[in-house]
Amino acid sequence: MKWGEALGSEHILVTGGAGYLGSVLSRKLLAKGYQVRLIDALWYGKEPIEDLLSNKNFELIQDDIRNLVVTVKALKYVDAVIHLASIVGMPASNIEPKSSEEINYLATKNIAELCQLHNINTYIFASTCSVYGSQPETLITEKSPTDPLDFYAKQKYLSERATGWLNKAPTILRFGTLFGSSPRMRFDLVINRFVAQAIKERKVTVFGGSQYRPFLHVSDASDAIIFSLEKNLTGTYNVVSENLTIKQAAERISKVTGCKINVSNDNEDKRNYKVSAEKLKQIGFEPSKTIEDAINEIKEMIDNGQLSNYDDAKYSNYKLLFGSKEMQEKVFIQGMPGSLDVP
């Protein structure tokens, strides 16, 4: 039986499903009995989802979401689309802004419009709390003004607006800064990097430290997506487990690991915000994972020999894209001629 022919289960297309969040989400969807199809260019490799390829309920389409011909074919049999694919993070998206705009904004807009055209009622878009910018004096809600400070956050904000104009209401999830273990591990995320530094080097370096961030475990982010899918939610929701200053996060890690904390005033991030997730909590979703869970997860990776050098380029979106000529040719140079619906 081919993918899409099974009856009695919902068919889900996940864009970017081999990434940090997607590789966790894909496993959770399969475990719940969904038919899962991924479309992913596999810029970061096939290893995160390689063990899923033998699952009869799983299908991989290796291609770029800028290729609308392939994307249209990927929508066949699909009941819902979960759109994760993007060049994630401010440093990585700044390497070549034109390509980042094609992927992070135009392709997002195109996929949402294709869902409407193909009568796919469920479209879940992974956005970011960084669209709020710096608002240190208040607890931010979904009704708070947006003020994206960097290129990545601005593209996410524009994508929200573009999908929000459609007749079929999307689900927009504004995630906090993710952390925790994943088959496609990242150590360019502050909590993960602090934990690896604490365990391997017995110290962490905090830049500034007084700025607040909303944090969220990658497993909880996946659960929030599935919760939204199963509750048929529409609208915009913040998804956050807790708000901490960068220094408070380091202190939590130090309490468990005994590491030292070095504070530097160089390169302090201007973003400073605390975010409320009360709207989603009132509907029934509440995150369950903590920073302490991430410490245990990463320690186990180190103890088992899965992780030797957390500073390896493969664990960083920016280093992998910026440092590899082959990767830049795939993402930024060859592009997908003729595939974009450019306004």
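A side-chain N or O of Asn238 and one of Tyr132 form a donor-acceptor pair less than 3.5 Å apart.
Within the 3.5 Å criterion, the main-chain N or O of Lys76 finds a donor-acceptor partner in the side chain of Arg37. For the pair Ser182 (side chain) and Val24 (backbone), a donor-acceptor distance under 3.5 Å is absent. Between the side chain of Asp220 and the backbone N or O of Lys289, at least one donor-acceptor pair lies under 3.5 Å.
To the nearest 0.5 Å, atoms CD (Gln248) and CD1 (Ile291) are separated by 9.5 Å. Atom CD1 of residue Ile65 and atom CD1 of residue Ile103 lie 6.5 Å apart, to the nearest 0.5 angstrom.
Partners of Glu160 by salt bridge (Lys or Arg N to Asp or Glu O under 4.0 Å), not counting sequence neighbours, listed by chain and number: Arg174.
Ser276 approaches Glu278 most closely through the heavy-atom pair OG-N, 3.2 Å.
Leu52 places a side-chain heavy atom less than 4.5 Å from the side chain of Phe58. The closest side-chain heavy-atom distance from Ile12 to Leu229 is below 4.5 Å. In this structure the side chain of Thr15 never reaches within 4.5 angstrom of the side chain of Asp40, judged on heavy atoms. Under the 4.5 Å side-chain criterion, counting only non-hydrogen atoms from C-beta, Leu42 is in contact with Leu60. By the 4.5 Å heavy-atom criterion applied to side chains, Cys129 and Val240 are counted as neighbours. Annotation: side chain of Val72 is in contact with side chain of His118 (closest heavy-atom distance under 4.5 Å).
Geometrically, Arg184 engages Tyr44 in a cation-pi contact, judged by NZ or CZ lying under 6.0 Å from the ring centre and within 45° of the ring axis.
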Test side-chain contact (heavy atoms from CB on, under 4.5 Å) on Phe207 and Val263; report intermediate values, then the result. CA-CA 6 Å; Phe207 294 98; Val263 178; over 6 Å; no

In residues 295-307, what donor-acceptor pairs under 3.5 Å come from side-chain atoms, sequence neighbours left out?
| unit_1 | atom_1 | unit_2 | atom_2 | d |
| --- | --- | --- | --- | --- |
| Asn296 | ND2 | Glu292 | O | 3.4 |
| Glu297 | OE1 | Ser181 | N | 2.9 |
| Glu297 | OE1 | Ser181 | OG | 3.2 |
| Glu297 | OE1 | His217 | NE2 | 3.0 |
| Glu297 | OE2 | His217 | NE2 | 3.0 |
| Lys299 | NZ | Asp303 | OD2 | 2.8 |
| Asn304 | ND2 | Glu300 | O | 3.3 |

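Counting heavy atoms of neighbouring residues, nucleotides and ligands inside a 6.0 Å radius, atom NZ of Lys279 exceeds 12 of them. More than 12 non-hydrogen atoms from other residues, nucleotides or ligands lie less than 6.0 angstrom from CD of Glu230.
Within the structure, every pair that satisfies the ring-ring contact (aromatic ring centres under 6.0 Å, His included) test and touches residues 271-313, not counting sequence neighbours, is listed here: Phe227-Phe285.
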